[in-house]
There are 4 protein chains.
Amino acid sequence: MARRTREESLETKNKLLESALEVMTDKPYSRVTMNEIAERVGMSKGAAYWHFKNKHEILIELIVMLCEESGGDPRLLEGDSDSFRKIRRYYISRIDKQKQSKRYEKINILFQRRLEWPKEVHDKVYRDLMQRIRKEQSMVEMAICEGQENGQVRRDVSPREISSLIAAVFFGIFALFGPNPLYPGGDFDLLKYADFIFDAFGKELKAIQA
Amino acid sequence: MARRTREESLETKNKLLESALEVMTDKPYSRVTMNEIAERVGMSKGAAYWHFKNKHEILIELIVMLCEESGGDPRLLEGDSDSFRKIRRYYISRIDKQKQSKRYEKINILFQRRLEWPKEVHDKVYRDLMQRIRKEQSMVEMAICEGQENGQVRRDVSPREISSLIAAVFFGIFALFGPNPLYPGGDFDLLKYADFIFDAFGKELKAIQA
Amino acid sequence: MARRTREESLETKNKLLESALEVMTDKPYSRVTMNEIAERVGMSKGAAYWHFKNKHEILIELIVMLCEESGGDPRLLEGDSDSFRKIRRYYISRIDKQKQSKRYEKINILFQRRLEWPKEVHDKVYRDLMQRIRKEQSMVEMAICEGQENGQVRRDVSPREISSLIAAVFFGIFALFGPNPLYPGGDFDLLKYADFIFDAFGKELKAIQA
Amino acid sequence: MARRTREESLETKNKLLESALEVMTDKPYSRVTMNEIAERVGMSKGAAYWHFKNKHEILIELIVMLCEESGGDPRLLEGDSDSFRKIRRYYISRIDKQKQSKRYEKINILFQRRLEWPKEVHDKVYRDLMQRIRKEQSMVEMAICEGQENGQVRRDVSPREISSLIAAVFFGIFALFGPNPLYPGGDFDLLKYADFIFDAFGKELKAIQA
DNA sequence: GATGAATGAGACTTCATTCAT
DNA sequence: CATGAATGAAGTCTCATTCAT
């Protein structure tokens, strides 16, 4: 049953990647089998090996793909006179995304499983991963700098540190209150939490107007 | 003599558990072998099977054991008139512990790997785990309630929600800046972060004195 | 046009055969893949299957082809009054060939790998192979007979046996001192060995003149 | 079905080695499976993997073991005033061994398959193999030297070269007329051949008495 | 209590072969 | 003629688990 066109082939590859995402969010990497990934999309193990060198490679390609499509909309961090409000809007958009899109949820779960990635995978993906984290973080960092420059934000804090703090805080919130195959999550309202945090941080960071 | 033997047996069992902690911190559960656990303490696979029904059981007993010894010192949440300061002190102590104790670090890593635990393990451990989380959380919750009662804390927030928010925030901080076998941690100062957070949250939660 | 195509087809087939010789000389038959054979000549696996029924068939055709072109020059075994000298000249020419031609070396290696040929291959090729061995051997045999008839060679030896002995002796020499992918050959001078052998055998075979 | 005693374990290992010898003489290395080796002696695949790291390791141990037990009886190369006769006796004994012992035959076949050994195997075994060949060769070499010293052998030949020539010659004879799974051997009498060769070489090597 | 041999299920991979295009 | 996608059989290897001693 040989697919012929380049197009169909690419489609198969994508179907396999999607299948992998599905399965790999559902269970630990070590319990995911090539067979399973392939069968889910009506292919044979061999097909998977045609498109990917091995199991690791699937995960790698998957991660690289997801790194690109995940993250909030960077445009939200542009064009607003109030830097802090921009940051707030950005994270709120991420929460929205998470709430609405099953896919986004899955991506989150996949990344939560990163401790199980084989070193091989991790090494190849490290750069992308870092970039993904950095991208977000540096956008936030720049927004804070901007705020410091135009007098909206305290000057005695390190933009770098604050941005990574915020990243960590949201990481924690997504991890604990987001989709979690083990603790099937509460009925917590992430938006409410975000509001509280931004209210608090916002005040704490606000430059004291003379 | 029999007494002696029983003691020795318990000791062996503990040695195996410690070995398991070591190894399971180091690599994904699926790549930890019974052999490895046993060999690390100069014992044979068979011995491990004498003390534990199977591999899952080791993990289960390990988790149960750790649930008891982990967590901050609850006494810190007692006996201070300022409720919020108590909470602050409590988390700071956890950070200290983490900084000083390799063991505490390992425990953290082990729990970060929880997504890989087999359902079997998870089910049996769920209650303990929840309790561990709840214990801390409810202590914090109670401290907040107390604060609300004696007028130190705003009354329009849910103690429940705030306590889980704080938990999540610290979870994020530990996860990202704490020990992490994959991203070998930066030189971030957790205490500085904690200070910032408590400053911000403290103000936000303070009851507005008329 | 059709003519052209047929020619081209034959050329492709030959290129595949040459590639197969190359690869099959380099590693055990079982580790040679169709892909490899085809890729070496810038073709796809599928193309190879158009020209050959399967992998076995390639080896078969290869062997048949090589059987024809290998062996020393039979003309050397003709037209000399001294039969033994003819034999000697014949084998010397084989050594020369071996020394000068990489291709001849490869053929030798290929045949050294014959124990790995699948029964299927072996059965189909047996006749050719035997013929190839016999051809040489019987030429030598005839030369010996001739020598016996004209009184140059002892009459109490079996030409058959002597010819196969000589074949075996040279087989050993080629195998041990010839090209060998495993023991990358010494700096032995095959000619020197051949000289010694022929000196010794020559004397031993010479008819005792009354 | 756990065997207990060290002894029994060793026995199992040996049985596996013998089984491997059996199977590996019967077919190319690549077509021999672990399962087959184990099943032949009523064991499971797992048992084989308990005793040997992997398939390669079986072959390696097998070869090392056989290197020790193969070869002619070196005592035959001692204590005779006629050096050449000693060499002759030595090779004759090898032929005898071959004729009488099925095991010896198998060893020969195994070694004839050496071109198929994976590089890994070959590298580890190379030294032993060389030693095995060298041992024999150097014994012969010494015998020739001895002969040169006491005036029985021509002084203008290199003992080194002559000994390797003899080795090659016998290699060829064993290979072609010995057991051969592909050309199921003739009814040739190896002894007759050996006689002829030694007669010829003997005369050729004899020191010309003034 | 402890050991180490043995089992067997299950996963990863490789590749000859087929076939639609 | 040629390509390249897909299949499926077969083999290697790992390990949790069992069990006789």
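For clarity, every value in this text was computed on a predicted model and none was experimentally measured. Residue numbers start from 1 in every chain, and the chains themselves are labelled A, B, ... in the order their sequence lines are given, proteins ahead of strands.
- Of the candidates C:K13, C:K53, C:K124, C:K13 is the only one forming a salt bridge (Lys or Arg N to Asp or Glu O under 4.0 Å) with C:E61.
- For C:R31, the CZ atom counts as densely surrounded, since its 6.0 Å shell holds more than 12 non-hydrogen atoms of other residues, nucleotides or ligands.
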Quiz item: What string of B, S and - do you get for nucleotides 8-13 of chain F, 5' to 3', if B is base contact, S is sugar-phosphate-only contact and - is no contact with any protein heavy atom under 4.0 Å?
Solution: B-BSSB

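- At the phosphate of E:dA2, neither OP1 nor OP2 sits under 4.0 Å from any side-chain N or O atom of B:W50.
- Using bins of under 30°, 30° to 60° and over 60° for the plane-to-plane angle, the ring pair D:H122/D:W117 lands in the tilted bin.
- Put simply, CD on B:E57 is 15 Å from P on F:dA16, counting in whole angstrom units.
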Quiz prompt | 5'-to-3' dot-bracket of DNA chain E (Watson-Crick, G-U; under 3.5 angstrom; crossing pairs as [ ]; | other strand) | solution = .||||||||||||||||||||

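- Atom CD in D:E11 sits about 17 Å away from atom C1' in E:dG4, given to the nearest Å.
- Rounded to an integer number of Å, the gap from A:K13 NZ to F:dG4 C1' is 14 Å.
- For the side chain to side chain contact (heavy atoms under 4.5 Å, CB included) with C:Y29, the lone residue among C:K55, C:R114, C:R113 that qualifies is C:K55.
- Ion pairing between A:E22 and A:K15 fails under the 4.0 Å rule for side-chain N and carboxylate O.
- Nearest to the side chain of B:T12, among E:dT3, E:dA2, F:dA2, sits E:dA2.
- Contact annotation: A:H51 side-chain N/O to F:dA6 OP1/OP2 distance is under 4.0 Å.
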